[in-house]
**Student:** 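This structure is in structure tokens; I'll ask about it shortly.
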Amino acid sequence: MELSEHIKTANVEDVTLRRPFHPALRGTLCVTSHHLLFSNRKDEASWQLLILLKNIDAIEKRAVGSSGTITIKCKDLLVLQLEIPGMEECLNIASSIEALSSLESVTEMYPFFYRPSHLTLLGPWGLSTTEQYYKQTERLWDRWRVSKVNSDYSVCPSYPSAVIVPREVDDDKLIRSARFRQGGRFPVLSYCHHSNGMVIMRSSQPLTGANKKRCKEDELLLQAVIDGSELGYIIDLRSAQQAQQARMTGGGFESKSCYRHWKRIHRHHERGKVVQESLIKLVEACSDLSHSVDRWLSKLENSKWLSHVHSALSTAGLVVECVERDGHSVLVHGSEGTDNTLLVSSLAQIILDPASRTVTGFLCLLEREWIQAGHPFQQRCAHSAYSHARLKQECPSFLLLLDCVWQVWRQFPLALEFSEALLLRLAQEVYASNYGTFLCNSEQERCAAGVKENTHCLFQSMLKPDIEEQYLNPLYEPTDLAIWPSVHPQSLQLWTGMFLRWTEYAQNMEEAREEVWSIVKEHRERV
Amino acid sequence: MEHIRTPKVEQVKLLDRFSNKSVTGTLHLTATHLIFVESNSTSAQEIWILHHHIASVEKLSLTTSGCPLLIQCRNFRLVHFVIPRERDCHDIYSSLLRLLRPVSYDELYAFSYNPKQNDQQREEGWQLIDLAAEFERMGVPCDQWQLTDVNREYKVCETYPRDLYVPITASKPIIVGSSKFRSKGRFPVLTYFYQEKKAAVCRCSQPLSGFSARCLEDEHMLQAISKANHNSRCIYVMDTRPKLNALANRAAGKGYENEDNYPNIRFQFVGIENIHVMRGSLQKLLEVMGTRSLSMTDYLVGLENSGWLRHIKAIMDAAIFLAKAVTVEGASVLVHCSDGWDRTAQVCALGSLLMDPYYRTIKGFMVLIEKDWISFGHKFADRCDQLDPDPKEVSPIFTQFLECVWQLTEQFPQAFEFSEWFLIQIHEHVHSCQFGNFLGNSQRQREDLQLKERTYSLWAHLLSEKQNYLNPVYSLSFAESHPVLEPSTQAYHFKFWRNMYHQYDRSMHPRQSILKHVLTLKESNRELEGTVQALKTKLQAFGVSTSPLKPQTPPRERSLPSRPQSLILGAPLLSRKEVQQEEDEEVLGEEAREDAPASTDGERTVEGSSATENGYGELTGSFGSKNEPAVVTLEFGVARMTC
């Protein structure tokens with residue numbers, strides 16, 4: 001079925017658009033295969049609003065006399081109202097939006113059609129590959145190697161074709177270890193400390209099951225990681241009880257007797273549906289304007305969102321403490337190793353690695369630790385906070401990461417090269433984008449769909465000098481030190497820039513930010 | 001001095017409030033301060049605690065390592081010492097008990113504090129704020145409002161100032177009659193005049209109406225206020241209490257205005273709770289916030305249960321109501337509560353601040369406090385517990401006002417000339433009793449104490465270090481385009497003021513500060529501009545044309561005036577001794593300095609950020625983890641009193 005067949009009414013005149021904190025506008029509404037376009041022509045000046053249909057999370061229709069009202073709730077949390085004259089037109093538009101905003105087939109999505117004149121599809125896609133990363137990271141050369149054991153994605157469907165593993169462990173052992181780990185996600189290198197050489201590894205849970213199976217190769221692999229040093233830490237992102245229970249369903253944990261040089265620490269993290277529901281509750285609390293301070297605090301608490309932020313930052317801090325302060329290697333995993341695992345390992349890198357705090361470094365980190373590492377973006381970001389659809393695999397792990405990074409920036413406003421604007425842009429792009437970067441669930445799926453050949457890369461476009469400038473932090477002063485964030489609840493805050501971005505509050509903050517910029521610019525010119 | 005039995009104790013441990021860390025040092029007890037000096041030789045931190053700041057001292061039961069002494073301060077500092085010998089602990093404890101309860105005003109620090117100024121400088125300091133000039137700025141006296149001398153001798157109302165402004169039609173008998181019908185004689189007087197609409201903000205105490213009493217003079221008085229405003233026939237009467245409280249007062253012969261007896265008034269309850277509720281609320285708040293390893297859930301639930309932010313919002317709501325009535329409707333408003341010196345002061349001051357950009361400047365804010373709080377008799381001595389107090393009179397009313405202003409600075413980052421550091425510093429000195437401004441309960445009492453002759457003014461002190469309190473993004477054009485602030489009262493705008501209530505808990509603060517950084521940049525911009533100008537003049541003197549020339553050596557940050565050490569500013573405040581140290585190091589040059597601070601034991605930290613303090617996890621002592629490295633920092637407020 002052609003996309004255009006979903007469109008019964010393409011154009012409606014005399015539509016009224018209402019947005020928060022803006023006067024209502026009248027204009028023409030168009031529906032295309034991928035966009036909703038509202039244009040207002042008053043005198044000469046014309047104003048347009050272009051919304052990707054994929055950005056629409058939920059719509060509500062209401063009949064008022066002979067006309068209808070559609071409320072559009074976007075995944076970036078914007079809420080709009082359209083008053084459409086004519087009931088039939090209204091229903092047609094609504095059904096087009098419903099059908100076109102929930103396309104399942106990747107190749108029908110807009111990134112496959114987005115062809116701006118200033119970008120070309122030729123040339124390499126993405127910022128870096130595993131091989132390039134290895135080549136650039138000299139400290140890895142001695143003890144680590146790139147393995148292509150997964151080149152046809154048969155060992156682990158969600159891993160990239162190349163991964164970094166201990167030099168002394170051969171591909172056969174990797175294959176066996178993969179069979180012992182959920183989804184084949186055997187332990188691979190995530191980060192190697194720039195001075196003491198200790199590493200952060202990540203994987204999924206071992207499949208020990210109820211009868212405490214072992215896997216010699218998996219044990220050897222981890223033994224090779226610490227290579228003679230006395231100890232490594234396994235940070236299990238489940239409570240001890242949950243890890244025990246996982247054995248009943250074939251999962252499990254690394255027992256002390258089999259992994260003698262590893263000490264396991266359990267930290268409970270909520271996952272999946274629970275976190276998604278937190279987001280829904282938080283956004284609901286932020287958009288309810290009627291309540292008292294008490295009710296607001298109780299709703300904020302009830303959403304548990306800040307509790308998730310708190311645990312993610314604390315565990316990341318713990319990982320850094322192991323690596324940086326105590327000088328031990330760490331293996332991080334939860335169950336599948338595709339959500340909280342990535343969250344914790346990438347946060348830890350922001351805290352301890354100065355290189356990941358630049359714009360390029362941060363985007364490379366996201367590419368390595370989220371996109372190549374197989375975070376299932378398509379499943380996790382199918383819906384955001386407004387959808388009434390039954391939750392399937394949605395989970396805002398990536399948004400949680402952005403929130404945590406924002407908290408770090410709040411506490412170390414000089415240490416990151418990028419500004420809040422970059423985080424906000426990413427929060428938007430991850431749900432609906434012109435670019436192919438966040439499409440699909442894994443490297444394998446992206447290859448099959450031809451993402452690299454047929455779409456543009458978001459990160460590359462963000463690094464174009466004229467674009468990159470808007471994401472820079474004017475106060476950036478690089479530091480080589482670890483930036484340990486405080487995790488007292490008093491030190492963490494609601495990310496107002498994100499969750500209250502469509503309020504009048506944002507305006508004042510924006511002006512203050514511009515003032516800071518102008519002071520900095522003045523200073524640069526003077527010196 | 002005779003109260004000090006043990007002036008010095010060695011080997012005292014100072015425990016961190018939120019982690020297991022501790023440092024060892026020496027405790028000194030002086031006539032004015034309790035001082036802790038860390039014995040670590042390289043970078044000894046010092047903590048100076050003024051006796052007046054101490055709210056309570058508690059001796060806990062003996063432990064194996066010594067006798068714990070818990071000291072709680074009014075500026076929300078909490079220190080926990082462990083003193084090796086019980087006798088020493090007891091001596092310190094009993095000395096402190098005596099020292100922190102001065103029995104007469106003469107014992108207060110302000111009377112012995114001497115900042116090395118001569119009498120003339122002192123006098124000039126006191127003349128900085130002139131309330132007559134302030135009323136003139138508002139446009140008073142004018143054809144409708146006049147200065148009355150009825151209270152010149154404090155005969156009509158002894159808690160009011162001598163100079164009062166009333167409507168021209170309010171004759172002396174009316175004033176006197178009205179004052180007899182008002183609690184403590186606090187009859188309606190002008191506190192702010194909104195020139196643009198000729199609308200007035202007046203304040204008073206509750207009427208002694210009981211169930212049915214009337215007073216013609218008082219009714220006349222309100223008529224006169226209403227007549228003085230040609231814009232609006234009606235005046236609003238805001239009773240800032242909850243209705244229930246006002247009703248209860250009627251039984252005691254007090255109460256509120258009956259709309260039937262007062263023509264043209266619109267009566268309104270606002271519902272701000274009384275001093276006892278506020279005191280309890282703050283106590284609850286501090287209890288929650290003081291909990292170790294507080295979870296996010298307990299934090300938010302505790303914040304909610306304390307009700308603190310609800311009270312802050314109630315005050316803000318009232319001020320917004322006031323500002324709207326005056327600026328939008330052009331109506332005059334009369335504000336009162338019970339005695340008219342707590343809630344009334346909060347609402348009048350905050351309302352004026354919303355209406356008048358002048359009060360959002362550093363000088364203007366001082367004037368506002370001087371007018372609505374000091375001159376109109378907010379009972380600072382009682383509320384802030386200055387002198388052998390009645391615990392039932394203590395209440396954080398003024399703190400709440402400062403917090404409301406802070407909440408506004410968060411919503412309007414460009415509207416205020418000052419930063420939160422200024423508010424915190426004022427709060428500090430309201431309790432320090434180091435300056436004369438806030439001593440006593442009323443102007444009359446202050447005159448009796450001869451404060452202007454015997455003590456110094458805080459305002460002069462604060463103005464002398466004005467550059468520390470500037471808000472770098474303050475914008476005059478914002479003030480022009482937003483003469484009246486219209487804050488949102490959405491619940492999510494009310495936030496916990498960490499920098500006030502955790503001022504001294506350094507592990508909780510951002511480790512780098514935008515405020516400090518931008519201030520520094522601005523300062524340096526200014527200096528560079530100066531250099532350019534100077535060079536230009538020089539060149540011109542030599543007859544050279546001045547085109548694009550840049551200064552040769554931009555001044556380094558070091559050459560900036562030293563800022564107070566604040567965690568908010570993120571810069572260390574240097575005590576005299578440390579300044580000396582720094583100067584010495586200056587000679588050694590940059591390289592020597594680079595390695596000097598913080599990092600010991602290979603730990604790398606940014607301005608005091610460290611893993612040990614945050615307590616992320618369970619890596620305690622197991623598996624050869626290294627000893628806790630000593631994190632070296634300078635404690636905030638160390639040299640507070642050396643200034």
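In this text the structure is predicted, and so the values were computed from the model without any measurement.
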**Student:** In Å and rounded to the nearest 0.5 Å, what is the CG to CD distance from D298(B) to E301(A)?
**Tutor:** 8.5 Å
**Student:** Just checking R292(B): does its CZ atom have more than 12 heavy atoms from other residues, nucleotides or ligands closer to it than 6.0 angstrom?
**Tutor:**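 For R292(B), atom CZ is crowded (more than 12 foreign heavy atoms under 6.0 Å).
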**Student:** Looking at K304(A), R295(A), E522(A), which one has more heavy-atom pairs under 4.5 Å with chain B than the rest?
**Tutor:** E522(A)
**Student:** Which answer fits L313(A), side chain, backbone, both or neither, if we ask what part of it has an atom under 4.5 Å from a heavy atom of chain B?
**Tutor:**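 The backbone, not the side chain.
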**Student:** Is there a side-chain contact between H517(B) and E477(A) in this structure, where contact means two heavy atoms from C-beta onward sitting under 4.5 Å apart?
**Tutor:** yes
**Student:** Could you state the interatomic distance from CG (L494(A)) to OH (Y492(B)), rounded to the nearest 0.5 Å?
**Tutor:** 10.0 Å
**Student:** Under a 4.5 Å heavy-atom cut-off, does chain A meet the side chain of Y501(B), its backbone, both or neither?
**Tutor:** neither
**Student:** Hey, what do you get for CG (L297(A)) to CG (L303(B)), rounding to the nearest 0.5 Å?
**Tutor:** 5.0 Å
**Student:** Could you measure the distance from the CG atom of L521(B) to the CG atom of L475(A)? Nearest 0.5 Å is fine.
**Tutor:** 7.0 Å
**Student:** What pair of heavy atoms forms the shortest contact from V473(B) to A512(A), and how long is it?
**Tutor:** CG1-O, 3.9 Å
**Student:** With a 4.5 Å limit on heavy-atom distance, are the side chains of L294(B) and Q490(A) in contact?
**Tutor:** yes
**Student:** Would you name the heavy atoms of M508(B) and S486(A) that are closest together and state the gap between them?
**Tutor:**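 Smallest heavy-atom distance, with atoms named: CA-OG, 3.9 Å.
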**Student:** With a 4.5 Å cut-off on heavy-atom pairs, point out which of E511(A), E514(A), R410(A) contacts chain B the most.
**Tutor:** E511(A)
**Student:** Is A316(A) in contact with chain B via its backbone, its side chain, both, or neither, using a 4.5 Å heavy-atom distance?
**Tutor:**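 The answer is neither part of A316(A).
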**Student:** Supply the atom-to-atom distance S477(B) OG to E515(A) CD, rounded to the nearest 0.5 angstrom.
**Tutor:**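 One finds 7.5 Å between OG of S477(B) and CD of E515(A).
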**Student:** Just give me the residue among E304(B), R498(B), R310(B) that pairs up with chain A most often, heavy atom to heavy atom, under 4.5 Å.
**Tutor:** E304(B)
**Student:** Please round to the nearest 0.5 Å and tell me the distance separating atom NZ of K313(B) and atom CH2 of W296(A).
**Tutor:**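 These two atoms lie 13.0 Å from each other.
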**Student:** Counting C-beta onward and ignoring hydrogens, is there a side-chain heavy-atom pair between V518(B) and V520(A) closer than 4.5 Å?
**Tutor:**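 Sidechains of V520(A) and V518(B): no contact.
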**Student:** So what's closer than 4.5 Å to chain A heavy atoms on S295(B): side chain, backbone, both or neither?
**Tutor:** backbone
**Student:** For chain B, find which of D288(A), L289(A), L306(A) contributes the most heavy-atom pairs closer than 4.5 angstrom.
**Tutor:**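 Most pairs with chain B among the choices: L289(A).
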**Student:** Need one label for S298(A): side chain, backbone, both or neither, based on atoms under 4.5 Å from any heavy atom in chain B.
**Tutor:** both
